[in-house]
Trainee: 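To start, I am sharing the structure in question, which I have written as structure tokens.
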Amino acid sequence: DLTVVKAPLTIKAANASKVYGSVLSASNNSTAFIVTGLSNAETIGAVNVVYESGAGNGNETLDGVGVYTGKVIPSNANGGTFNANNYDIQYTFGDLAVTKAVLTIRANDASRMYGSVLQGTNTTKFTATGLVNSETIGSVNIDYAVGAGNGNVASDAVGVYSGKVIPADASGGTFNANNYDINYVNGNLMVDKAPLIIRADSKAREFGTADPIFTASYEGF
């Protein structure tokens, strides 16, 4: 008698990735797998793939950036030209990588009066786009570009100075900076007119005499 025994067949789920804050849905028709051991030029059409979920498993919105080993789970190979009854199938799990979400932090535009300067500070005057999981940012360091013509020297003229409000080092709140690819966008610095009062001084003269020397006083330079 000639006995034909099952051939060993290994089916490994391909590694997968997702962006922080998102989840992956199970696929019942995945072609993302690697096969070793098929005979006779046979093929596999699809493999059921699920992603293990639960705290710290890589497929919850709160799971942080990193690689979660063995969380992509294959099963039930089907389709193609192969017959599963001819194989001793070993399924091998893939890894699930969580990549950084894109976060944009833009400094709000600022203004000052001609003749004054602004000081850098920790501030809540910013706009954040891309936070997930209802996370928050506590504060952002804001600096103002200085130097002639940069909008934050007392002698810089009235006008709009583009990109001179500079954000950096977001911190606080509930977010974790390690989970985000942060893009800082500068705001604009506007120099407004200073108020200047020019007051003519009161004068007096007798009828028939020449006018006195007229003078004025100034408040606001």
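Here, residue 1 is the first one in the sequence, and each next residue gets the next number.
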Trainee: Under the 3.5 angstrom rule, does the side chain of Y91 hit a backbone N or O of A13 as a donor-acceptor pair?
Mentor: no
Trainee: In Å, rounded to the nearest 0.5 Å, how long is the span from CG of L24 to OG of S17?
Mentor: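 Between atom CG of L24 and atom OG of S17 there are 7.5 Å.
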Trainee: Examine distances only and state if a side-chain atom of N78 and a backbone atom of N76 form a donor-acceptor pair shorter than 3.5 Å.
Mentor: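 Flag set: sc N78 to bb N76 pair under 3.5 Å.
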Trainee: Find the distance between CG (N152) and CD (Q119) and round it off to the nearest 0.5 Å.
Mentor: 7.5 Å
Trainee: Taking distance alone, no hydrogens or angles, what donor-acceptor pairs closer than 3.5 Å link side-chain atoms of residues 195-204 to residues at least two apart or in another chain?
Mentor:
unit_1 : atom_1 : unit_2 : atom_2 : d
D201   : OD2    : T215   : OG1    : 2.7
K203   : NZ     : T215   : OG1    : 3.2

Trainee: Using atom types as modelled and distance alone, determine if a side-chain donor or acceptor of D63 lies under 3.5 Å from a backbone N or O of G56.
Mentor: yes
Trainee: Search all heavy atoms of V50 against all heavy atoms of A26 and return the closest pair with its distance.
Mentor: CG1-CB, 3.6 Å
Trainee: Given V165, which of I142, N108, N186 fulfils the side-chain contact (heavy atoms from CB on, under 4.5 Å) condition?
Mentor: I142
Trainee: Are any non-hydrogen side-chain atoms of E135 and L103 less than 4.5 angstrom apart?
Mentor: no
Trainee: Quick check for you: to the nearest 0.5 Å, what is the distance between T81 atom OG1 and E42 atom CD?
Mentor: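 Going from OG1 on T81 over to CD on E42, the span is 5.0 Å.
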Trainee: Kindly determine whether T10 and I34 satisfy side chain to side chain contact (heavy atoms under 4.5 Å, CB included), including the steps that lead there.
Mentor: CA-CA 8 Å; T10 300; I34 301 167; over 6 Å; no
Trainee: Looking at Y87 and S39, would you say the former's side chain and the latter's main chain have a donor-acceptor pair under 3.5 Å?
Mentor: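 Yes: the side chain of Y87 pairs with the backbone of S39.
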Trainee: Strictly distance-based, threshold 3.5 Å: is any side-chain N or O of N15 a donor or acceptor partner for the main-chain N or O of D95?
Mentor: yes
Trainee: What pair of heavy atoms forms the shortest contact from T123 to K125, and how long is it?
Mentor: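 Result for this residue pair: OG1-N, 2.9 Å.
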Trainee: Verify side chain to side chain contact (heavy atoms under 4.5 Å, CB included) between V19 and V132, making sure each step is shown before the conclusion.
Mentor: CA-CA 10 Å; V19 176; V132 298; over 6 Å; no
Trainee: Do the ring planes of Y180 and F175 sit parallel (below 30°), tilted (30 to 60°) or perpendicular (above 60°)?
Mentor: tilted
Trainee: List the atom of R112, the atom of V117, and the distance in Å for their closest heavy-atom pair.
Mentor: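 The answer is CD-CA, 4.0 Å.
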Trainee: Testing the basics here: between G138 and T124, what is the closest heavy-atom pair and its distance to 0.1 Å?
Mentor: O-CG2, 3.6 Å
Trainee: Verify, without hydrogens or angle tests, whether S111 (side chain) and V191 (backbone) share a donor-acceptor contact under 3.5 angstrom.
Mentor: no
Trainee: Report yes if some heavy atom in the side chain of Y20 is under 4.5 Å from a heavy atom in the side chain of N133; otherwise report no.
Mentor: yes
Trainee: Please report the shortest heavy-atom distance between Y114 and D156, naming the atom on each side.
Mentor: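 For Y114 and D156, the tightest heavy-atom pair comes out as CD1-O, 3.2 Å.
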Trainee: Between L118 and L189, is any pair of side-chain heavy atoms under 4.5 Å apart?
Mentor: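 They are in contact (side-chain heavy atoms under 4.5 Å apart), so the answer is yes.
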Trainee: Can you measure from CG (L38) to OG1 (T36) and round to the nearest 0.5 angstrom?
Mentor: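 It comes to 8.5 Å.
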Trainee: Under a 4.5 Å side-chain heavy-atom rule over Ile, Leu, Val, Met, Phe, Trp and Tyr, are F126 and Y184 clustered together?
Mentor: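 In one cluster: yes.
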Trainee: Side chains of N59 and K18, heavy atoms from C-beta outward: is any pair under 4.5 Å?
Mentor: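 They are in contact (side-chain heavy atoms under 4.5 Å apart), so the answer is yes.
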Trainee: Please check this pair: side chain of N183 against backbone of T104, looking for a donor-acceptor N/O pair closer than 3.5 Å.
Mentor: no
Trainee: Before you tell me yes or no, could you show the steps for I73 and E52 under side chain to side chain contact (heavy atoms under 4.5 Å, CB included), namely the whole-Å CA-CA distance, both residues' side-chain angles and the distance that decides it to 0.1 Å?
Mentor: CA-CA 7 Å; I73 305 169; E52 188 172 354; 3.9 Å; yes
Trainee: Nearest 0.5 Å, please: how far is OH in Y144 from CD1 in I166?
Mentor: 10.5 Å
Trainee: Would you mind reporting whether V72 and V49 have side-chain heavy atoms less than 4.5 Å apart?
Mentor: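 Yes, at least one pair of side-chain atoms sits under 4.5 Å.
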Trainee: Transitively linked via ILVMFWY side-chain contacts under 4.5 Å: I137 with V65?
Mentor: yes
Trainee: Judged by atom type as modelled, is there a donor-acceptor pair below 3.5 Å linking the side chain of D109 to the main-chain atoms of N188?
Mentor: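 The answer is yes, because a donor-acceptor pair under 3.5 Å joins these two groups.
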Trainee: List the steps and the verdict of side chain to side chain contact (heavy atoms under 4.5 Å, CB included) for V23 and T61.
Mentor: CA-CA 6 Å; V23 294; T61 60; 3.8 Å; yes
Trainee: Can you tell me how far the OG atom of S22 sits from the CD atom of E60, to the nearest 0.5 Å?
Mentor: 11.5 Å
Trainee: Give the minimum heavy-atom separation between I105 and A170, together with the two atoms involved.
Mentor: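 In terms of heavy atoms, the two residues are closest at CD1-CB, 3.5 Å.
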